[in-house]
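Report on one structure; see the data block that follows.
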Amino acid sequence: MTGRPPALSLTHGAPATRVLGLGSTQPDRVVTNHDLAARMDTDDQWIRDRVGIVERRFADEDEQVVDMAVTAGAKALADAGVAPADVDTVIVPNCTMPAPIPNAAAQVADRIGVRAAGAFDLNAACAGFCYGLGIASDLIRSGSAGQVLVIGAEKLTDVVDPDDRSTAIIFADGAGAALVGPATDAGVGPVAWGSAGDLVDMIYMRENRYIFQEGQSVFRWATTQVAPVAMRAAELAGVELSDVDVLIPHQANLRIVEAIAKRLRAKGAREDMVVADDIRYSGNTSSASIPLALDHMRAAGTVDSGDVVLAVGFGAGLSYAAQILICP
Ligand code: UT7
């Protein structure tokens with residue numbers, strides 16, 4: 001090296017980012033609690049009372065993670081009115097691809113028509129969407145990416161023992177997507193994230209095949225440790241909890257969702273803050289659950305464009321992440 005290295009240009013980044021469009025998809029096949037009770041020792045009332053699920057959607061054999069991601073991603077582009085040619089990066093948070101290679105993102109990009117995309121999967125389990133949104137936003141702000149498609153997509157029925165009542169009643173399939181792009185006013189706040197790898201044994205793949213979770217331990221951890229992460233995300237974005245219009249915790253269990261909302265209300269969140277309960281008809285779709293809930297709520301009119309949304313994901317790892325976003 002001779003002399004000083006050249007000053008690198010960092011002028012391509014955007015001052016801020018926004019979510020520009022949303023999309024989601026679920027398989028056609030509806031599975032009720034009664035359907036599950038016909039196969040295992042459970043019942044509709046127990047599932048409604050203890051988990052909050054009324055029904056969920058299961059993919060058929062020929063419907064894969066990549067297929068659902070393509071549908072959700074294409075819908076997010078259409079919602080934003082953005083052509084695939086104007087996207088350069090695709091991130092697919094998921095933990096249910098059939099094998100680590102190939103990843104989902106490159107195939108998804110190709111099928112949507114995003115040519116030569118920067119494309120990668122991201123595994124932070126049920127926190128994956130918030131991790132992906134944070135990375136997408138920072139890639140755009142640094143100048144590394146222009147517009148980024150983030151698609152949480154999961155086929156949990158591939159990794160759930162259909163006869164294990166502690167998991168088979170909870171998990172389901174689906175995909176949810178957000179297109180993130182540059183903006184002058186901030187529409188995505190900094191991500192508050194972290195992990196607790198010492199608690200890895202609480203949720204893992206038993207013999208590399210089926211999900212095992214220590215339900216009660218995860219429940220206790222989630223109901224005590226997740227609300228502070230959400231509060232930190234609001235603080236990083238410079239938002240008071242009383243400014244939050246909509247809370248979307250990962251849809252793991254309705255009782256966990258309600259416990260998080262209760263803690264946030266005790267710290268200043270409004271009583272009329274809308275709280276996502278999409279788990280009732282979607283089940284727990286891991287990294288898809290937050291964008292799926294947001295898209296469903298917007299379609300139902302419970303969330304409006306411009307609303308301040310606080311999203312918080314948590315799950316295996318253990319991993320967690322939260323951020324503020326403005327609903328497109
Ligand atoms: O998304 C990734 C993160 N995962 C989570 O956040 C999951 C967190 N955990 C949970 O959501 C809950 O712990 C579960 C839904 C998994 C279980 O609910 P729970 O209220 O913690 O039930 P439990 O394990 O304490 O079991 C209570 C009773 C037991 O019977 P006894 O021993 O009291 O007679 C279980 O055998 O309920 C029984 N039980 C069931 N009964 C009917 C457990 N599962 C079922 C079932 N149907 N499916």
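Counting starts at 1 for both ligands and their atoms, following the listed order. Just so it is clear, the model here is predicted, and its values are computed rather than measured.
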Could you pull out the N/O contacts under 3.5 angstrom between ligand 1 and the surrounding protein atoms?
residue: ligand 1; atom: 1 (O); partner: His250; partner atom: NE2; Å: 2.9
residue: ligand 1; atom: 1 (O); partner: Asn284; partner atom: ND2; Å: 2.8
residue: ligand 1; atom: 4 (N); partner: Gln213; partner atom: OE1; Å: 3.1
residue: ligand 1; atom: 9 (N); partner: Gly215; partner atom: O; Å: 3.0
residue: ligand 1; atom: 11 (O); partner: Asn253; partner atom: ND2; Å: 2.7
residue: ligand 1; atom: 13 (O); partner: Gly215; partner atom: O; Å: 3.1
residue: ligand 1; atom: 20 (O); partner: Arg50; partner atom: NE; Å: 2.9
residue: ligand 1; atom: 20 (O); partner: Arg50; partner atom: NH2; Å: 2.7
residue: ligand 1; atom: 20 (O); partner: Arg255; partner atom: NH2; Å: 2.8
residue: ligand 1; atom: 25 (O); partner: Gln216; partner atom: NE2; Å: 2.3
residue: ligand 1; atom: 36 (O); partner: Arg165; partner atom: NH2; Å: 2.8
residue: ligand 1; atom: 37 (O); partner: Trp46; partner atom: NE1; Å: 3.2
residue: ligand 1; atom: 41 (N); partner: Trp46; partner atom: NE1; Å: 3.4
residue: ligand 1; atom: 41 (N); partner: Arg165; partner atom: NH1; Å: 3.4
residue: ligand 1; atom: 47 (N); partner: Thr42; partner atom: OG1; Å: 2.6
residue: ligand 1; atom: 48 (N); partner: Thr42; partner atom: OG1; Å: 3.2
residue: ligand 1; atom: 48 (N); partner: Arg165; partner atom: O; Å: 3.2

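- Thr96 and Asp158 form no side-chain donor-acceptor contact under 3.5 Å, judged by distance and modelled atom types alone.
- No donor-acceptor contact under 3.5 angstrom links the side chains of Glu55 and Thr32, judged on distance only.
- The CZ atom of Arg270 lies 12.5 Å from the CG atom of Leu264; values are rounded to the nearest 0.5 Å.
- Remark: the backbone N or O of Leu77 is not paired with any side-chain donor or acceptor of Asp79 at under 3.5 angstrom.
- Judged by distance alone, the side chains of Asp164 and Ser166 do bring a donor and an acceptor atom under 3.5 Å apart.
- Aromatic ring centroids of Trp193 and Tyr131 lie under 6.0 Å apart.
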